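The block underneath contains the structure these notes are about, expressed in structure tokens.
It should be emphasised that the depicted structure is a prediction, and the values quoted were computed from it without experimental measurement.
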Amino acid sequence: CYDTTCVTVVAVSAVPQLPQILGDPTPCAGDTVVYTALAVGNPTPTSYTWTVPPAYQFTQLAPNRVQVIWAADDPAGQICVRASNSCGSSQPACLPIQVLPQPVVPLLSGPTSVCAGGGAYLYTIDTIQAGTTYNWTVPPGAVISGGPDSVLIDFSAAVSGQVCINVQNICDTLAPICLNVTVNPVPTADLSGNAEICIGETTNLVFAFSGNGPFDILWNDGSQNVTLNNLVSGHTIAVSPTANTTYRLLSANDNSTPACPATVNDSVTVLVWPQVTTNLSPQICEGDSLLAGGAYQKVSGVYFDTLS
């Protein structure tokens, strides 16, 4: 005879191993990122439990997959997941998260009207952000120095155009922030006039300008400095000096905003000839002639000539 015994073998399961998290650990502020939990070894998990930093919520896309929208107001934290089965849950697997900021739009400041001969002009931005690059661009011919938050720009050989700051970091590139800049030409000023008159006569002094008129000038009228405003090219001043007099153009500014100065050191010296009366008593031989009174004279008499 014999006996038969049946033995039932029951498989004993274990807690799942620590899972692996796939996803971007350095998202940019505003990014929507999907994170996936990968099972490691056996036994296979039957569910997953996710946690994110307190300021955030997630959307469950699948048991092993979630979606998170990251914001700049809570830049650091971690996302964690536990793998579970009927025997329990694993320790949490965590992925440290560093939320990178979007570039900040800076305020660009500086003059929008400059003089070609005005030297270097200062332009600034009010924000410098770590991990961000700042590149300046200027109109053709302009010379730039300095940076990144402030530059000096010389427009001596430049044309009108834009001064721009270009901002970029790993998260985004901003549209250029620009100022439209008008480059005003260096004005010119000139003083001219008749250099010789007879006493009692009048002569005109002429002011010639180029640039953005009208013009304000400082000149010396032979005795004192005088300011004249709103002159246009071709402006004349009548003078009647009684002695040799030098008239000087000392400075001139155009009508740009700000005003552009002209480099001048121009002058006109008016020579004044006095009235002269000369009595002559020439003698000639009979048959000869002498030019007097506007004709050749052969007879004695009183004749008058005027010289100028």
- Task: Quick one: list whatever passes ring-ring contact (aromatic ring centres under 6.0 Å, His included) with Y123, sequence neighbours left out.
- Result: none
N/O donor-acceptor pair under 3.5 Å between [X] side chain and [Y] backbone:
{"X": "N180", "Y": "Q162", "answer": "no"}
{"X": "D216", "Y": "N230", "answer": "yes"}
{"X": "Q102", "Y": "A29", "answer": "yes"}
{"X": "S156", "Y": "A116", "answer": "yes"}
{"X": "Y121", "Y": "C115", "answer": "yes"}
{"X": "N220", "Y": "R248", "answer": "no"}
{"X": "Q297", "Y": "S300", "answer": "no"}
{"X": "E196", "Y": "L271", "answer": "no"}
{"X": "R82", "Y": "S90", "answer": "yes"}

Examine the side chains of [X] and [Y] and answer whether a donor and an acceptor come within less than 3.5 Å of each other.
{"X": "N85", "Y": "T46", "value": "no"}
{"X": "S267", "Y": "T246", "value": "no"}
{"X": "S150", "Y": "T124", "value": "no"}
{"X": "T182", "Y": "S113", "value": "no"}
{"X": "T133", "Y": "N169", "value": "no"}
{"X": "N212", "Y": "N184", "value": "yes"}

Rounded distance (nearest 0.5 Å) linking atom [atom1] of [X] with atom [atom2] of [Y]:
{"X": "I69", "Y": "T59", "atom1": "CD1", "atom2": "OG1", "result": "6.5 Å"}
{"X": "L290", "Y": "K298", "atom1": "CG", "atom2": "NZ", "result": "12.5 Å"}
{"X": "I199", "Y": "S240", "atom1": "CD1", "atom2": "OG", "result": "10.5 Å"}
{"X": "I79", "Y": "C94", "atom1": "CD1", "atom2": "SG", "result": "9.5 Å"}
{"X": "N244", "Y": "I197", "atom1": "CG", "atom2": "CD1", "result": "9.5 Å"}
{"X": "L108", "Y": "I125", "atom1": "CG", "atom2": "CD1", "result": "8.0 Å"}

For [X] and [Y], work out which heavy atoms get closest and say how close.
{"X": "D254", "Y": "C260", "result": "OD1-N, 2.8 Å"}
{"X": "V33", "Y": "P27", "result": "CG2-CB, 3.8 Å"}
{"X": "V40", "Y": "Q20", "result": "CG2-N, 4.1 Å"}
{"X": "S84", "Y": "P16", "result": "C-CG, 3.7 Å"}
{"X": "G222", "Y": "T245", "result": "CA-CG2, 3.7 Å"}
{"X": "P261", "Y": "A259", "result": "CD-O, 3.7 Å"}

Is the shortest side-chain heavy-atom distance between [X] and [Y] below 4.5 Å?
{"X": "L231", "Y": "F209", "value": "yes"}
{"X": "T32", "Y": "V68", "value": "no"}
{"X": "Q78", "Y": "L95", "value": "no"}
{"X": "I21", "Y": "V81", "value": "yes"}
{"X": "Q129", "Y": "P101", "value": "yes"}
{"X": "T26", "Y": "D24", "value": "yes"}
{"X": "I237", "Y": "L228", "value": "yes"}
{"X": "S145", "Y": "V151", "value": "no"}

- Task: Given side chain to side chain contact (heavy atoms under 4.5 Å, CB included), test N194 with N204 step by step and report yes or no.
- Result: CA-CA 7 Å; N194 188 0; N204 287 329; over 6 Å; no
- Query: Is the number of heavy atoms from other residues, nucleotides or ligands under 6.0 Å of L38 CG greater than 12?
  - Reply: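 Counting other residues, nucleotides and ligands, CG of L38 exceeds 12 neighbours.
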- Item | Within 6.0 angstrom of Q67 CD, more than 12 heavy atoms from elsewhere |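 Yes, enclosed.
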- Evaluation steps, side chain to side chain contact (heavy atoms under 4.5 Å, CB included), between L100 and I170: CA-CA 8 Å; L100 303 178; I170 193 171; 3.5 Å; yes
- Worked verdict on Y134 versus I128 for side chain to side chain contact (heavy atoms under 4.5 Å, CB included): CA-CA 8 Å; Y134 299 87; I128 288 293; 3.8 Å; yes
Quick one: do [X] and [Y] end up in the same hydrophobic cluster if we chain Ile, Leu, Val, Met, Phe, Trp and Tyr together by side-chain heavy atoms under 4.5 Å apart?
{"X": "V206", "Y": "L249", "answer": "no"}
{"X": "V99", "Y": "V104", "answer": "no"}
{"X": "V183", "Y": "L122", "answer": "no"}
{"X": "L250", "Y": "F215", "answer": "no"}
{"X": "L218", "Y": "Y247", "answer": "no"}

- Item | Distance flag, aromatic centroids of W219 and F207, threshold under 6.0 Å |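 So the answer is yes for these two rings.
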- Query: Where do I177 and V105 land on the side chain to side chain contact (heavy atoms under 4.5 Å, CB included) test, with the steps shown first?
  - Reply: CA-CA 8 Å; I177 300 100; V105 179; 4.2 Å; yes
- Identified ring pair (Phe, Tyr, Trp, His ring centres under 6.0 Å) counterpart of Y56 within the set W70, W50, Y35: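 Of the listed options, the one satisfying the test is W70.
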